[in-house]
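Here is how names work: the chains are called A, B, and so on, in the same order as the sequence lines, proteins then strands, and each is numbered from 1.
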2 protein chains.
Amino acid sequence: MPPDPARERLSRERVLTAAVAFADTHGLDAVSMRRLAADLDVVPMALYKHVSDKEALLDGMADLALAELGPLVDQDDWRATVRARILAARELLLRHRWLRRVLETRPRQTPTMLAYLDSLIAVFRRSGFSDALTHHVMHALGSRAWGFTQELFDDPNPAPPPSPEQLIQLSQAFPHVAAMAGVAGHVDESVVGRGCDDQFEFEFALDLILDGIAERQSAGWEPPVR
Amino acid sequence: MPPDPARERLSRERVLTAAVAFADTHGLDAVSMRRLAADLDVVPMALYKHVSDKEALLDGMADLALAELGPLVDQDDWRATVRARILAARELLLRHRWLRRVLETRPRQTPTMLAYLDSLIAVFRRSGFSDALTHHVMHALGSRAWGFTQELFDDPNPAPPPSPEQLIQLSQAFPHVAAMAGVAGHVDESVVGRGCDDQFEFEFALDLILDGIAERQSAGWEPPVR
DNA sequence: ACCTGAACACCGTTCAAGT
DNA sequence: ACCTGAACACCGTTCAAGT
């Protein structure tokens, strides 16, 4: 049979775009080489011409999604710049719910990931932070620099809410968790559970850390001699 | 053939203990139902009598490892107590390198996980923190409450160090990353890479956050009215 | 140069049977 | 009550062949 002329040729770009769309709609767990191939109307092995293996596919997906971020925009001062940049990254991660888990599992930073970090680090260095302080400060931000926290789960099928009986049992066994969670209006979600990492939580923690960073810097923090 | 009397009977405890030991020595990726069964000299399906599925196995492994932590020990004040507790958890995670990834992927908290969080939350509440502040403060700690950060990878096969040529290329493309990393004496490790999340880094960030928490509390922080 | 087909070495898990 | 064996529906990836 002659190749169907109506069928678009495969390309790395087409593979990655399809993979991102597939993950957006079906979740990361559904992304397999075989299913992606089926989605593209192609035999599994056809993908390997454009992507060396599954890890490379995930790298490419991360790069493609991160490209949506665009260049860093300077604000009034380092604090506002870093804050806005991180909140923008957070919005990206909320648009692509699978991205957090992909970033977490990259054994090496992709160039796009490095470029993102470079742009953040640049803000601190240009604002007079020492290289040592910049280094520690980036560690203090940790994954929050990417706009996510451990709470932001990518669970495709959230667990059903516990029954009233279970709730009573839980709050007897773990009274402090219950009291603390109750205040936030979601007794059904545990501290590091999913669902309560809303904008307010994220900004509270981010500002707390930015305050700490500002304090270290204005106090002229220096690395301990050893 | 009669059952070999010398062969110890399987039990949930024996399965979990073997799984923990197996993960300790071979890494998490090596833990499969089939390989664990082979390790126990048993057919794969024999495990399912003691553990309902693989997720339950991972839950059990987490519980067993976390049990090593023991009860919380009170120190001079909330700050010292929380600090010591978190550093103890960190040491546990360093002993069981697979545990971080298992904790991260639990869709629901196991009872042992909840008990750990409960003990931490109790410290804040007993020290006069409001429930609302306690809630936000636990979020600010995030995964650091478990003694890990995004930097603490469980990579069984660390990537080879880049060649000098690659290093030069990298530092030209990402000058700020290079400058910042250089100061810490490990140009070969990127910011969120593995290997530089040493004790000092962790304590720097932890203390920065504890400072922020102490500041919020002594300032009488209250949730915004809405 | 790009895609295909069959095969290999793995998974987790079900079902029906053995002791 | 506990373990077994064969089977099912999946994986990622190799190799040799087609066009």
Side-chain angles (χ1 to χ4, degrees), chain A residues 1-20 22-23 26-62 98 101-102 105-108 154-157, chain B residues 1-20 22-23 26-62 98 101-102 105-108 154-157:
Chain A
M1 261 212 296
D4 184 348
R7 217 174 68 178
E8 214 178 329
R9 266 290 219 63
L10 224 49
S11 69
R12 183 177 162 83
E13 208 204 316
R14 221 159 80 74
V15 169
L16 295 181
T17 311
V20 165
F22 197 85
H26 299 104
L28 185 59
D29 290 335
V31 177
S32 77
M33 297 301 273
R34 295 173 112 108
R35 271 195 271 217
L36 180 57
D39 189 56
L40 282 161
D41 219 352
V42 111
V43 100
M45 283 315 296
L47 301 179
Y48 286 78
K49 200 84 227 168
H50 304 97
V51 126
S52 63
D53 59 10
K54 194 181 178 183
E55 287 296 291
L57 174 76
L58 295 174
D59 284 351
M61 289 171 66
W98 48 270
R101 238 160 73 193
V102 170
T105 56
R106 288 316 82 207
R108 315 209 63 140
D154 179 29
D155 193 351
N157 38 351
Chain B
M1 261 210 296
D4 184 349
R7 216 175 70 181
E8 214 179 330
R9 267 288 219 66
L10 224 49
S11 69
R12 183 177 161 83
E13 210 206 315
R14 221 159 80 74
V15 169
L16 295 181
T17 311
V20 165
F22 197 85
H26 300 104
L28 186 58
D29 290 335
V31 177
S32 77
M33 297 301 272
R34 295 174 112 106
R35 270 194 271 216
L36 180 56
D39 189 57
L40 282 162
D41 219 353
V42 111
V43 99
M45 281 316 295
L47 301 179
Y48 286 78
K49 200 87 227 168
H50 304 98
V51 125
S52 63
D53 58 10
K54 194 181 178 182
E55 287 295 291
L57 175 76
L58 295 175
D59 283 351
M61 289 171 65
W98 48 270
R101 236 161 72 194
V102 171
T105 57
R106 288 316 80 208
R108 316 209 61 139
D154 180 28
D155 193 351
N157 37 352

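The NZ-P distance, from B/Lys49 to C/dT19, rounds to 17 Å in whole Å. In this structure, B/Asp29 places its CG atom 15 Å from P of C/dC10, rounding to the nearest Å.
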Sub-3.5 Å pairs of nitrogen or oxygen atoms, protein against nucleotides 12-16 of chain D:
{"from": "D/dG12", "atom 1": "OP1", "to": "A/Met33", "atom 2": "N", "distance (Å)": "3.3"}
{"from": "D/dG12", "atom 1": "OP1", "to": "A/Lys54", "atom 2": "NZ", "distance (Å)": "3.2"}
{"from": "D/dG12", "atom 1": "OP2", "to": "A/Met33", "atom 2": "N", "distance (Å)": "3.1"}
{"from": "D/dG12", "atom 1": "N7", "to": "A/Arg34", "atom 2": "NH1", "distance (Å)": "2.5"}
{"from": "D/dG12", "atom 1": "O6", "to": "A/Arg34", "atom 2": "NH1", "distance (Å)": "2.9"}
{"from": "D/dT13", "atom 1": "OP2", "to": "A/Tyr48", "atom 2": "OH", "distance (Å)": "2.9"}
{"from": "D/dT13", "atom 1": "OP2", "to": "A/Lys54", "atom 2": "N", "distance (Å)": "3.0"}

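The two atoms that bring A/Ser32 and A/Lys54 nearest to each other are CA-NZ, 4.4 Å, heavy atoms only. Scanning all heavy atoms of the two residues, the minimum distance from A/Val102 to A/Ala62 falls at CG1-CB, 4.0 Å. When all heavy atoms are compared, the tightest approach of B/Leu40 to B/Ala18 is CD2-CB, 3.7 Å. Residue B/Arg34 comes nearest to B/Pro44 through the heavy atom pair CG-CG, 4.2 Å, listed as atom of the first residue, atom of the second, then distance. When all heavy atoms are compared, the tightest approach of A/Val31 to A/Ala23 is CG2-CB, 3.8 Å. Shown here for A/Asp53 and A/Tyr48, the closest heavy-atom pair between the two residues is CA-CE2, 4.1 Å.
Within the 4.0 Å cut-off from OP1 or OP2 of C/dC3, at least one side-chain nitrogen or oxygen of A/His50 is found.
Note: A/Glu55 CD to A/Arg106 CZ = 4.5 Å, rounded to the nearest 0.5 Å. Here the CZ atom belonging to B/Arg12 is positioned 8.5 Å from the CG atom belonging to B/Leu57, to the nearest 0.5 angstrom.
Where DNA chain C pairs in unbroken runs of 3 or more (Watson-Crick or G-U, both distances under 3.5 Å), the stems are C:4-8 with D:12-16, C:12-16 with D:4-8.
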